[in-house]
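Naming convention: chains lettered A, B, ... in sequence-line order (proteins, then strands); numbering from 1 in each chain.
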Amino acid sequence: MTEPRLKGKRWDTEFEGKLRRRWKARWPYGFEQKSKKPVYSIDTPPPYVNTPVHIGQATTYVMMDMFARFRRMTGHNVLFPLGLDRNGLPIEMAAEKKYNVKLTSLTRAKAMQLCRSILKEASMASVDSFFRLGVSFNSWKKGTGIGGLYETDSPDYRALTQETFIDMWNKGIIYEDERVNNFCPGCQTTLADAEIDYENRRGFYYHIRFKVKETGEDIIIATTRPELVCTIGMVIYNPDDDRYKHLEGKTAIAPIFGKHVKIRAHPSAEIERGTGIMMVCSFGDLADIRFFREMDIEPVIAINKDGTMNENAGFLQGMTIEEARARYLEELEKLGLVIDKEPTHEHRTPVCERSKDAIEFISMKEYYVKQVEFKRDMKRLARKMDFFAPKSRQILLDWIDSVSIDWPISRRRYYATEVPIWYCKGCGQVIVPPKGKYYRPWLEPPPPGSAGLSRGKCSKCGSSGFRGEERVFDTWFDSSISPLYILKYSRPPLGFFSRNQPCSLRPQGKEIVRTWLYYTVLKDWLLTGKCIFKDVWINYHIVDERGKKMSKRTGNAIDPKEVLDRFGAEPFRLWAAIEGNLEKTDFRCSFDRIEGAGKTLTKLWNIARFISMFPPPKRKPGMLCPLDEWALAEIGKIAAYARDRYNKYDFHNPATKMKNFLWEAFASHYLELVKNRAYNQDGRFTREEQDSARFTLNSVLDQLLLLLAPIVPFITATIFMDLRGADIHSQPFPKPDAKTLKKRPGFGTKDIMELNGMVWKAKKDKGLSLKSGMKELCLPRKLKPLETDIVATHKAEKLSYGKAVRIRL
RNA sequence: GGGCCGGUAGUCUAGUGGUUAUGACGCUGCCUUUACAAGGCAGAGGCCGCAAGUUCGAAUCUUGCCCGGCCCACCA
């Protein structure tokens with residue numbers, strides 16, 4: 001009896017460890033520095049170092065790895081670097097939490113020290129997970145070479161961020177301006193619109209009595225922000241509201257503060273809401289900002305950037321917003337001016353996406369990147385890039401539509417890239433350093449060669465005193481250069497960037513299209529005048545089995561570590577491929593599903609084990625049996641389909657097809673029919689026929705393995721190495737020849753399945769073993785080419801032909 | 001309020017005009033037949049969200065509605 005060459009009854013996750021150890025000894029996926037192959041570049045999303053990988057990231061990286069592995073098999077030199085994000089608020093917030101301090105209450109040096117210590121301790125847990133998942137990044141070592149692991153807070157990366165600022169400053173695309181901004185009192189910083197979330201929150205409407213100066217009558221105004229009465233700009237009612245028409249042009253007097261404002265009709269007041277007459281203050285929300293601008297009223301800002309009331313709030317000065325609200329209401333109560341207090345419906349409140357504090361609107365000086373005037377260009381670029389799935393383009397287009405103010409890029413935090421600017425203490429002139437180095441203006445004097453500097457003195461007033469800028473950049477100002485960074489923009493080797501831009505692929509989550517993708521395309525276009533990406537692949541969210549968002553709070557989150565511990569990488573990767581339907585939105589994930597995918601791996605292992613009993617003939621046989629031609633045509637069709645779909649980032653459809661082929665047509669039907677001929681124990685078949693079987697078994701297996709290699713790299717590499725002694729990942733992707741595909745036998749897969757099904761059912765119904773013989777089998781004529789295989793498999797004593805299958809046991 | 005997506009068995013899912021609606025998990029029963037019991041075979045389980053329309057024919061196309069998810073938007 002022939003022994004299978006593959007040992008072990010099933011795929012074991014221990015094999016993954018074995019292979020990983022071999023890979024680790026000699027990492028096979030580095031960027032080929034001297035290769036002439038076309039470069040395929042993937043701008044991977046840098047995860048935060050200090051947080052463990054969640055299931056969504058794990059899925060995304062595994063999908064990206066499939067893209068990378070496939071492109072390697074189609075002859076590309078794949079640039080697939082790992083980046084780690086270490087800048088910005090998440091790091092600072094981790095430090096605040098761990099050391100239980102507010103960084104804003106510390107000196108800058110001390111705050112930075114705490115951040116660095118957080119980063120130092122940050123385990124490389126995420127990196128380890130990627131390694132275990134089999135992600136084939138170019139390198140796991142930090143380095144500034146092509147494909148090296150990079151960190152967004154490295155001097156090299158930060159120098160490039162600052163360089164892009166200097167370039168844009170010199171081009172006049174960046175300016176400083178004082179205007180009302182979104183401000184997070186918790187994070188103590190300005191926020192871009194893209195950083196704002198909305199939450200449904202409840203509050204109270206306070207019905208407050210105002211006086212009308214001219215008539216002395218009372219009007220009742222409902223408000224959720226009584227503490228802002230001190231900034232009231234106008235009182236409005238709807239033009240169609242008969243209750244208030246007589247007040248047009250009269251004057252309202254704000255209680256206690258005594259401020260006089262006009263009463264006017266305005267359509268933004270709704271008759272049904274509140275009391276129908278409302279006050280507009282500066283500023284309760286974005287609508288107020290627009291209203292003040294529209295009406296040309298001078299706003300009064302009563303809230304400081306630390307979230308306390310300022311001198312414009314009179315007796316409320318120095319209190320927090322909440323304290324001021326309570327105090328003011330208390331005073332109103334004493335005077336009997338609060339008529340009612342009713343809970344509001346839940347309404348959307350703008351909150352900081354990180355700290356979840358309610359956003360305030362505060363006037364401050366910040367640096368801005370022009371973007372409003374480029375909306376048309378951005379839309380053109382959005383249409384130029386290829387989106388996968390194509391409909392995801394709309395997310396970007398919608399966001400571009402909603403852009404209404406320029407991009408505020410300066411932040412009042414510490415652990416981020418510094419804005420590289422100094423100011424002359426004498427005349428205020430702006431000093432801009434030369435490009436190329438990493439600058440820390442809060443620590444260092446302006447370097448020689450700076451614009452506005454002459455022999456170490458201000459070129460305008462001759463002063464030698466300078467103030468370094470203390471603000472830092474928005475994280476997205478850093479993140480938006482990742483494709484420039486990995487493609488060596490403005491870095492050696494010379495010409496690499498111009499030869500290899502645009503970046504082949506930006507993979508990214510749909511929720512950060514409005515930040516990461518948008519800002520990258522914007523900024524890189526402003527710098528280079530070109531669209532930085534060719535393809536954009538948008539991945540969606542991982543949700544639980546019922547379609548609910550996963551979160552630690554609701555306890556339905558799946559930890560990738562647990563997945564790896566229980567099942568290993570391969571079932572997870574196969575699950576991701578099968579689930580990754582571009583046409584759908586969210587991925588459904590559960591342990592059951594991942595475990596289910598593992599069964600297919602067992603099946604694949606056993607098929608390979610079976611085939612390993614029949615080594616391929618030394619050379620391709622001169623003739624192939626019709627059954628074998630059919631099998632080769634079937635796998636050939638799948639190979640052609642997979643090549644086409646993989647190129648379009650679709651692994652779902654090919655994976656589903658392969659899985660079905662593997663279980664059904666191949667395992668259940670082809671293997672059963674071909675077994676006798678492959679064994680040829682009683683010499684019923686010729687040597688040529690037997691060789692045809694052995695050749696086909698091995699050829700189909702090889703192609704299956706190659707097609708699956710990008711998806712499940714461990715099991716395919718293990719089998720291929722055992723049977724063929726070569727690394728599957730350096731093999732070319734199968735390209736079926738036209739002749740194989742053109743073969744059209746007179747019978748189809750369905751005919752074979754039907755026949756086998758009927759015979760097996762008939763024997764079963766009689767309680768006979770499947771090996772038992774039958775008196776007569778009548779076949780449809782089109783199955784004649786398969787007659788010897790069919791007779792041998794089903795043990796028919798007599799064979800005849802007719803219209804339909806008939807069985808006599 | 002606007003946009004996108006979805007609604008098919010207990011759960012999840014395939015199916016974009018054509019016999020009897022696919023598969024998985026779960027459930028019931030049977031089977032150790034030399035790759036596979038982490039297997040094989042058989043079975044139960046469906047107003048294909050609702051309604052109207054187009055059509056010889058609709059899960060599939062059109063329209064309206066209902067429900068769920070996500071995104072965007074200025075509400076006192």
> How many Å lie between NE2 on A/His669 and C1' on B/C41, as a whole number?
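It is 12 Å, rounded to the nearest whole Å.
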> Roughly how far apart, to the nearest Å, are B/G17 and B/A58 at atom P?
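Those two atoms are separated by 14 Å.
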> So, OP1 or OP2 of B/A24: does either fall under 4.0 Å of a side-chain N or O from A/Lys603?
no
> A/Glu672 has a side chain; which of B/C72, B/C25, B/A35 sits nearest to it?
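Taking heavy atoms from C-beta onward, the closest nucleotide is B/A35.
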> Using the salt bridge (Lys or Arg N to Asp or Glu O under 4.0 Å) criterion, which residues pair with A/Arg724? Sequence neighbours excluded.
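Per chain and number, A/Arg724 pairs via salt bridge (Lys or Arg N to Asp or Glu O under 4.0 Å) with A/Asp702.
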> Rounded to whole angstrom units, what separation is found between the CE atom of A/Met658 and the P atom of B/G23?
20 Å
> Could you tell me the separation between the NZ atom of A/Lys795 and the CG atom of A/Asn676, rounded to the nearest 0.5 Å?
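If we round to the nearest 0.5 Å, A/Lys795:NZ and A/Asn676:CG are 5.0 Å apart.
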> Applying side-chain hydrogen bond (donor to acceptor under 3.5 Å, both in side chains), can you list everything that pairs with A/Asp386, at least two apart in sequence or on another chain?
none
> Expressed as a whole number of Å, how far does the P atom of B/G53 sit from that of B/U11?
31 Å
> Given side chains that start at C-beta, do those of A/Ile236 and A/Ile277 come closer than 4.5 Å, heavy atoms only?
no
> Are A/Trp663 and A/Ser668 close enough that a side-chain donor and a side-chain acceptor fall under 3.5 Å?
no
> Please, what dot-bracket string fits RNA chain B when only Watson-Crick and G-U pairs with both distances under 3.5 Å count, crossing ones use [ ] and pairs to another strand use |?
((((((((.[[[..)..(....]]].(((((.......))))).....[[[[[..)....]]]]])))))))....
> Using a strict threshold of under 4.0 Å (side-chain N to carboxylate O), is an ion pair present between A/Glu227 and A/Arg225?
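Salt bridge present between A/Arg225 and A/Glu227.
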> When you measure from the side-chain N and O atoms of A/Lys659 to the phosphate of B/A24, is any distance below 4.0 Å, counting only OP1 and OP2?
no
> Roughly how far apart, to the nearest Å, are B/C27 and B/C5 at atom C1'?
32 Å
> Take the protein atom CD1 of A/Ile277 and the nucleotide atom C1' of B/C75, then report the distance between them rounded to whole Å.
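For the pair A/Ile277 CD1 and B/C75 C1', the rounded distance is 16 Å.
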